[in-house]
Participant: 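Next up is a structure, given as structure tokens.
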Amino acid sequence: MTRPLVLRGGRIIDPSQNLDVAGDVVVIDGKIVHAGPRGGVPDGAEIVDCTDAIVSPGFIDVHCHLREPGREDVETIATGARAAAAGGFTAVCAMPNTDPVTDNQAAVGFVVRQGQKANSARVYPIGAISVRQEGHALAEVGEMVGAGAVAISDDGRPVASAQLMRTALEYARTFTIPVVDHCEEPTLAVGGAMNEGIVSARLGLRGVPTEAEEIMVIRDILLGRRTGGHIHIAHVSAKGSVELIRWGKDRGIAVTAEVCPHHLSLTENAVEGYDTNAKMNPPLRTAEDVAVLGEAVRDGTIDVIATDHAPHHYDEKEREFADAPNGIVGFETALAVVVTSLVGPRIVDFATLVERMSVAPARIFHLPGGSLARGRPADITVFDPAREWVVDPAQFLSKGRNTPYAGRKLRGRAICTVVGGRIVYHIAAQEH
Amino acid sequence: MTSPLGKDLLALEPLTPEQIGLILDTAEPFKEISERAIKKVPTLRGSTIVNLFFEPSTRTRVSFEFAEKRLSADTVNVAASGSSVSKGETLVDTARNLEAMRIDMVVMRHGASGAAQFLAQRIESNVINAGDGTHEHPTQGLLDLLTLRDHFGDLRGLRVCIVGDVLHSRVARSNIWGLQKMGADVAVCGPRSLLPNAIAEFGITVFDRVEAAMEWAQALNVLRLQLERMTAGYIPSLREYNRVFGVTRERLERADHDILILHPGPMNRGVEIDSDVADGPHSVILNQVTNGVAIRMAVLYLLAGGRPELAETAKSTPGGER
């Protein structure tokens with residue numbers, strides 16, 4: 001049994017119970033026993049000074065790539081879980097585009113066990129929608145859920161077949177899990193390396209129009225309407241998608257959506273100079289899209305901020321732009337990018353940040369956590385909202401170094417991450 | 001010695017009008033060398049240049065090689081067949097190997113946009129972009145500018161229309177930037193499926209009908225239509241392309257003024273351009289080829305640190321000006 005823990009003297013923000021108060025969070029036996037003004041100190045408790053810090057329910061990342069099994073040279077479940085904890089995440093959901101694909105109960109069980117062994121941030125597997133993510137036969141969803149899968153997705157291999165998506169949405173209803181779709185109309189997106197627009201035209205790079213995303217967003221929403229299944233739109237990048245999601249929500253369709261920190265902070269201009277660390281799918285769009293996405297986080301049209309953490313080996317990115325793989329690492333910069341890009345300019349407040357990074361992910365993916373209410377698992381993030389730091393990829397706990405934020409000065413940093421009442425990350429331990 | 005162009009020539013978009021003007025002016029004295037019986041000056045004696053062609057090219061490679069040899073450089077041609085992906089060695093390894101051989105310049109043709117910049121950022125040698133993907137082909141743009149200037153005297157206010165597959169054309173991009181910077185009025189014409197969707201944001205005129213382009217233009221730069229565009233579904237057929245967008249004698253004769261005809265080659269006669277236009281009195285297609293050598297000599301000379309005002313004397317002074 002772990003020692004009791006007191007997170008003392010922080011600003012407690014817990015939107016799940018409309019809490020924003022100075023005080024202590026007290027943890028015994030891995031559960032929250034108190035979150036509010038000055039609590040008692042249990043015998044033998046470890047005390048963490050949280051002065052000037054925000055104490056919130058632990059962040060949950062519903063979209064990441066941990067590369068295990070298959071590409072352990074790039075990331076493992078253990079290194080990924082530790083990097084997540086260093087970013088303030090107490091739980092992450094791992095996408096199934098591994099090698100072999102996580103498309104059956106044995107593969108799901110492997111991810112669960114590796115996650116437990118990592119003994120850091122919790123790792124929840126997302127199972128594939130289709131066998132080998134080939135877009136044809138539905139995978140054994142029920143067995144995967146039984147083994148621990150919390151959602152299904154063919155992320156990385158968008159579902160081209162509307163019929164398969166329809167079936168997945170219908171079938172998933174039995175298990176009350178979201179179907180997560182990477183929305184990309186494949187014939188429009190084929191060969192695309194960046195957003196289609198003036199920058200792609202100038203650089204001579206093949207562009208992906210926003211319509212490639214929007215067409216699939218509305219397809220999925222309409223199939224959600226038909227089936228009553230829960231469609232979760234992954235990494236929304238385009239203004240038009242936000243309008244379509246709003247349309248769906250206004251009609252009571254079970255659609256939720258996530259956005260990534262990079263789509264909230266960077267534009268297609270980051271590709272100038274053919275910087276492969278600005279290459280991701282969906283691509284960075286325009287300043288107008290960035291503004292609309294930030295507003296959608298504020299008003300709740302977009303429910304969740306997720307990282308799409310996608311580590312790559314450095315020499316895979318060190319090549320011609322069109323040939324470089326998509327994706328960037330995100331665990332260790334997500335909080336700071338959101339604080340710097342959204343809270344700093346007063347687009348959202350800290351309560352909204354915690355809602356979108358903790359409370360909503362737990363609610364939408366039916367996960368434990370997302371609340372500091374008495375009796376809940378003690379998954380807690382302590383972060384310094386004002387701490388400034390310069391991104392140095394060499395310091396990442398992730399094996400991945402592929403980030404467009406290298407050298408950037410950002411504000412906001414996780415200082416202590418608690419999972420099940422146990423401190424899995426403390427920044428002081430990293431700094432000496 | 002820093003050249004007035006910087007270390008590399010990667011694209012025309014980042015150049016100033018003064019830099020472009022300098023290259024064109026420097027090319028003038030080099031034209032004459034190619035007219036001599038002994039077409040060689042010692043300007044780049046002792047320099048080693050690698051012509052690194054990842055895509056097949058005859059015209060551009062030969063033009064560079066003549067330019068290098070007429071300046072007395074030692075040249076090596078490397079034809080790396082196949083795409084960068086199918087090839088075993090990565091471009092970064094190729095760059096490191098070249099660097100290790102202490103060469104002075106690399107002329108590179110590559111199928112990926114940005115490849116020349118990628119190379120230039122990783123080696124100290126001068127890099128000349130001989131065409132990167134669908135991005136730019138700066139020496140082609142420059143030789144087109146020189147050919148137009150030869151004919152019209154001044155590029156300011158000149159109305160030039162680029163006709164054809166602008167979407168996939170590095171020649172088009174280099175022409176658009178080069179012409180704009182030199183004060184010309186630029187237009188494009190072609191099927192909308194072969195124009196960038198954002199073409200209006202380039203600040204140029206777009207003609208949907210080639211007849212209207214001809215009414216407007218003083219010169220047409222007719223792009224090669226890659227035959228694979230038809231199989232990829234951008235246009236229904238080459239036959240229809242010729243009927244709707246082909247630069248034909250009938251169409252030219254309907255315009256009320258003479259129109260100069262340029263083409264970067266190689267031509268698909270009977271597709272984007274008819275033979276009697278290509279071989280006709282207003283075609284300067286072979287002048288372009290001649291000017292290509294002079295432009296490339298000028299670029300090599302300037303990047304090697306040659307001073308523009310000495311280009312004239314470089315022709316005759318043994319040892320040249322390095």
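Each chain gets a letter, A, B and so on, in the order its sequence line appears, and its residues count up from 1. As a basis for the values below, the full set of heavy atoms in this structure was taken, side chains included, without hydrogen atoms, waters or symmetry mates.
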Participant: Side chains of Leu203(A) and Ser113(B), heavy atoms from C-beta outward: is any pair under 4.5 Å?
Facilitator: no
Participant: Measuring only between side-chain heavy atoms, which start at C-beta, is His110(B) closer than 4.5 Å to Glu320(A)?
Facilitator: yes
Participant: More than 12 foreign heavy atoms under 6.0 Å from CD of Glu72(A): is that the case here?
Facilitator: yes
Participant: Would you say that more than 12 heavy atoms from the other residues, nucleotides or ligands in this model lie under 6.0 Å from the CZ of Arg246(A), or not?
Facilitator: yes
Participant: To the nearest 0.5 Å, what is the distance between NE2 (His135(B)) and CZ (Phe321(A))?
Facilitator: 12.5 Å
Participant: Does Lys181(B), at its NZ atom, have more than 12 non-hydrogen atoms belonging to other residues, nucleotides or ligands within less than 6.0 Å?
Facilitator: yes
Participant: Could you go through the side-chain contact (heavy atoms from CB on, under 4.5 Å) check for Glu196(A) and Asn197(B) one step at a time?
Facilitator: CA-CA 8 Å; Glu196(A) 179 176 320; Asn197(B) 188 254; 3.0 Å; yes
Participant: Which heavy atom in Leu205(A) sits nearest to a heavy atom in Thr134(B), and how many Å separate them?
Facilitator: N-OG1, 4.3 Å
Participant: Below 4.5 Å, heavy atoms only, C-beta onward: do Glu318(A) and Arg122(B) meet side chain to side chain?
Facilitator: yes
Participant: Select one option (side chain, backbone, both, neither) describing which atoms of Arg202(A) are under 4.5 Å from chain B's heavy atoms.
Facilitator: both
Participant: Non-hydrogen atoms of chain A under 4.5 Å away: do they reach the side chain of Glu13(B), the backbone, both or neither?
Facilitator: side chain
Participant: Step through the shown structure and confirm whether more than 12 heavy atoms of other residues, nucleotides or ligands are within 6.0 Å of CD on Glu272(A).
Facilitator: yes
Participant: Is it true that a side-chain atom of Arg173(B) and a backbone atom of Ala201(A) form a donor plus acceptor pair closer than 3.5 Å?
Facilitator: yes
Participant: Give, for atom CZ of Phe118(B) and atom OG1 of Thr276(A), the distance between the pair rounded to the nearest 0.5 Å.
Facilitator: 7.5 Å
